[in-house]
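First the structure, in the form of structure tokens, and then the observations on it.
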Amino acid sequence: MVRNRSIFLIILILLSGIKINSQIYYRVDFSNKFNTNYSLDQPELFLSNKAIERREKFNIPIDSTDLPVNSWYLDSLTSLDCEVLYTSRWFNSAVIKIQNDNIINRILQLPFVVNAQLVKPKINKETDETKITTPSIAYSDITKKSTKIPQTIYGFSTNQNQMIGIHILHQMGYKGDGIVIAVLDAGFSGCDHIPFFDSLRLKSRLLGTKDFVFPGNNVYNKSNHGTSVLALMASNIPNILVGTAPEASYWLIRTEDPSSEYLIEEENWIAGAEFADSVGVDIINSSLGYTTFNLNSQNHSYTDLDGKTTRVSKGAAMAASKGMIICNSAGNSGNSSWYYIGAPADADSIITVGAVDSLGIVVEFSSKGPTYDGRIKPTVCAQGANVFTASQDSSIIMGNGTSFSSPIIAGATACLLQKHPNSDPISIITSIIKSANRYLTPNNFYGYGIPNFAVADILANDTSISSPPWLESTPFIYPNPFTSYINIIYQSKEKSFLDIALYSINGTQVFKNIYQLFPGNNYIIIEQLDSLSSGIYIMAIGANKTIKVVKQ
């Protein structure tokens, strides 16, 4: 009896698989939102308080694109044997699942339907989900100190964090607290239990999950790509691995199906971004991009990359217009025949992130610009080669990809936004761009270069600075005269060290220290100078630079 039952169960599983694989997915576009059940006068019925507050803060009107799709339209689809997976408020559409194409003709006859687009065809076989396979160092081995770890609070993440100056904001106490980040990815295996996210869970900063690939599924038993992406922002194990925004709060949203590539994933992305908007997210990190698909007729061409053509890029632009900051990976096609960025990296008003190595040199795989309409892309770069992050088995892995450089920037942006909560997204993005080391000479390999978030903080404080003076003169020292501290912005072409000493006018050394430099703008602060007498001092920087500074 047991044996027969086993055979019966196998048959059920096989039959179930055939049923799932025989389904077809379409996007249905509606003509209007007439007779909706919702009103713009009662946004609390379809937006969270935090989402409404964001719109009020940045003077963003709540308009018809915020209204949910007419429920009567959805009921009409359901009556035609369609399963509605989700809807898009922004584009007034729905993604449906059907058994055969014959139903589409009936759908197109509905008076409120203007279009039906195939987004995923009937397929015969699903492949296994891809996994990150990179050399890893076991977490248990690290805690036994069998592997050399950089002796800083950041441990293995030292270089990738300090390269963009985020450690300065962390030292000031800005680690993303109060900022909400949505991570759009392929899955988050292990995020519900591995130690890198203990503080995230214990302090209730993991706000929730959502699966738009297979609605209702558990995102914690899917791909570990999102796990590694999240760790670059949220991990918090001092002296081993610390992300760029360890005190931010997070929504984990699955939009990517790594077993196939069809246009439906762009619809998933839009649905994920809309959900993020509705729950009041401040920043979206998307380590995703789309150019080619399993169905060749769905492929994008370079002419599509104008920020206004592909659905996902229009979705990213819409998300930005709702007051969220979007960080998106540039792509990893830089050394292939298609070397351009993908979608939605071409969208306007977002931060597109390319990849450099540990020395600040752009890596070959990092996708390049410009957009088809000639805009500079990527926007900025961060370390994306030999990046240390976490994996689902509680190990630290070393990986490559703009999938990793993007969350490094997204987390740092959260810290900057925390420090400047009333700055609108465009002002924050502008500050980040101006802080980058190639701001005056951008190109389509580096974009505007490697940003420094301590410098971006200065620019966010003084938005009147149109051309940062330190890009033309290094070192840039202020204030001068000084009182209790001296700020130095030093632009370096390479990773190195810098000696700084301060002497009284009679030659007595009153201060000396050595600082790590990273490619780009470096922010250095010399503090606790209150005890010095008023007068003239000489600052020696490196081997051959001397600058006169005055103590008030």
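This one's a predicted model, so the numbers in the text were calculated from it and none came from an experiment.
Annotation: the span from Lys434 atom NZ to Leu440 atom CG amounts to 10.5 Å, rounded to 0.5 Å.
Under the 3.5 Å distance criterion, with hydrogens and angles disregarded, no donor-acceptor pair is assigned to the side chains of Thr402 and Ser366. Looking only at atom types and distance, the side chain of Ser286 has a donor-acceptor partner in the side chain of Trp269 under 3.5 Å away. For the residue pair Ser301/Asn299, the side-chain donor-acceptor check at 3.5 Å is not satisfied. For the residue pair Lys322 / Thr65, a side-chain donor-acceptor distance below 3.5 Å is found, with atom types taken as modelled. With 3.5 Å as the limit, one finds a donor-acceptor pair spanning the side chains of Tyr290 and Glu256. One side chain, Asn224 or Ser391, offers a donor N or O that lies under 3.5 Å from an acceptor on the other. Side-chain polar atoms of Asn268 and Thr255 form no donor-acceptor pair below 3.5 angstrom. A donor and an acceptor atom, one from each side chain of Asp346 and Ser313, are located under 3.5 Å apart. At a cut-off of 3.5 Å, with distance as the only test, no side-chain donor of Gln383 or Asp357 sits close to an acceptor on the other residue.
In summary, Arg311 and Glu266 do not engage in a salt bridge, as defined by a charged side-chain N under 4.0 Å from a carboxylate O. For the pair Lys57 and Asp424, the salt-bridge criterion is not met [side-chain N within less than 4.0 Å of a carboxylate O]. Between Arg375 and Asp373 there is a salt bridge, since at least one side-chain N of the basic residue sits less than 4.0 Å from a carboxylate O of the acidic one. The pair Lys308-Asp348 fails the salt-bridge criterion, with no side-chain N (NZ, NE, NH1 or NH2) lying under 4.0 Å from an Asp/Glu carboxylate O. A salt bridge links Arg55 with Asp277; the closest basic N to acidic carboxylate O contact falls under 4.0 Å. Between Asp457 and Lys419, at least one side-chain N (NZ, or NE/NH1/NH2) sits under 4.0 Å from a carboxylate O, which counts as a salt bridge.
Of the possible donor and acceptor atoms, none in the side chain of Asn236 sits under 3.5 Å from a partner among the backbone N and O of Ser199. At distances below 3.5 Å, at least one donor-acceptor pair connects side-chain atoms of Gln160 with backbone N or O atoms of Phe388. Judged by distance alone, with hydrogens and angles left aside, the side-chain atoms of Ser228 form no donor-acceptor pair with the main-chain N or O of Thr389 at under 3.5 Å. Using a distance-only test at 3.5 Å, with no hydrogens or angles considered, a donor-acceptor pair links the side chain of Asn522 to the main chain of Tyr490. Using a distance-only test at 3.5 Å, with no hydrogens or angles considered, no donor-acceptor pair links the side chain of Asn437 to the main chain of Gly449.
Under the salt bridge (Lys or Arg N to Asp or Glu O under 4.0 Å) criterion, Asp192 pairs with no residue, sequence neighbours left out. Remark: Tyr220 engages no residue in a ring-ring contact (aromatic ring centres under 6.0 Å, His included) (not counting sequence neighbours).
Atom OH of Tyr339 sits in a sparse spot, with 12 or fewer heavy atoms from other residues, nucleotides or ligands closer than 6.0 Å.
Ring-plane geometry between Tyr302 and Tyr372 is classed as perpendicular, the angle between the planes exceeding 60 degrees on a 0 to 90 degree scale with a lower cut at 30.
Considering Leu200, Val281, Leu207, Ile179 as possible partners of Tyr250, the one that fulfils the side chain to side chain contact (heavy atoms under 4.5 Å, CB included) test is Leu200.
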- Evaluate side-chain hydrogen bond (donor to acceptor under 3.5 Å, both in side chains) for Asn161 paired with His167, printing each intermediate quantity in order. CA-CA 7 Å; Asn161 287 357; His167 60 295; over 6 Å; no
